[in-house]
Amino acid sequence: MTAEIIISSVILLISVVPIIMIGIIQYRSKEPVGFWSGKKPPRKAQITDVKAYNRKHGLMWILWGVGLVFCFVCGLFMGGEMAGYLCMIEVIGGILVMVAYHEKLNRRYCKRDGEK
């Protein structure tokens, strides 16, 4: 193993562990979870199924973290540069997919105005 791979692996772990921890915390949360930095999460009364809403948000974060590790490991077999490219694609694509999925979950689980 070269120093480059070791350093890259350590940086990846430092980056991915908090992402997966966020997912686990959100997955287990009893209160509705948020997604955006600085934006307050919806209140319990605004969500139709808090447990499903939280689990899907938590799974989204966990899968993103696992996807980063998977891209890195696959990239290592194709060469160090490829690992970097795959991880960049996963980060940018993952964020875009997460934003779209968050909006989908809000449309599915958030009550509309006037809805009981």
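Numbers here are sequence positions counted from 1. In this text the structure is predicted, and so the values were computed from the model without any measurement.
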Distance check, rounded to the nearest 0.5 Å: [X] atom [atom1] versus [Y] atom [atom2]?
X: His57; Y: Ile22; atom1: NE2; atom2: CD1; result: 12.5 Å
X: Ile62; Y: Ile19; atom1: CD1; atom2: CD1; result: 11.5 Å
X: Ser8; Y: Leu13; atom1: OG; atom2: CG; result: 11.0 Å

Going by side chain to side chain contact (heavy atoms under 4.5 Å, CB included), name the residues that satisfy it together with [X], two or more places apart in sequence or in a different chain.
X: Leu76; value: Ile5, Phe72, Ala83
X: Arg107; value: Glu103, Lys104
X: Ile25; value: none
X: Val69; value: Leu12, Val16, Val73

Remaining members of hydrophobic cluster (4.5 Å side-chain criterion), [X]:
X: Val17; result: Met21
X: Ile11; result: Ile7
X: Leu63; result: Tyr27, Leu59

Using the salt bridge (charged side-chain N to carboxylate O under 4.0 Å, His left out) rule, collect all pairs that involve residues 50-69, keeping only residues at least two apart or in two chains.
none
Please list all pairs passing the side-chain hydrogen bond (donor to acceptor under 3.5 Å, both in side chains) test where one or both residues lie in residues 61-74, with sequence neighbours left out.
Gln26-Trp61
How far apart are the C-alpha atoms of Thr48 and Lys111, what are their side-chain angles, what is the distance that settles it, and do they pass the side chain to side chain contact (heavy atoms under 4.5 Å, CB included) test?
CA-CA 6 Å; Thr48 57; Lys111 295 178 183 174; 3.7 Å; yes
Holding to salt bridge (charged side-chain N to carboxylate O under 4.0 Å, His left out), I want the full list of residues that pass it with Lys30, two or more places apart in sequence or in another chain.
none
Check for a donor-acceptor pair, side chain of Asn54 on one end and backbone N or O of Glu31 on the other, with a separation under 3.5 Å.
yes
When the side chains of residues 85-100 are checked against the rest of the protein, which donor-acceptor pairs come out under 3.5 Å, sequence neighbours left out?
| unit_1 | atom_1 | unit_2 | atom_2 | d |
| --- | --- | --- | --- | --- |
| Tyr85 | OH | Glu81 | OE1 | 3.4 |

So, using side chain to side chain donor-acceptor pair (under 3.5 Å) as the criterion, who are the partners of Asp49 when residues are at least two apart?
none
Close side-chain approach of Pro32 to Tyr109, heavy-atom, < 4.5 Å
no
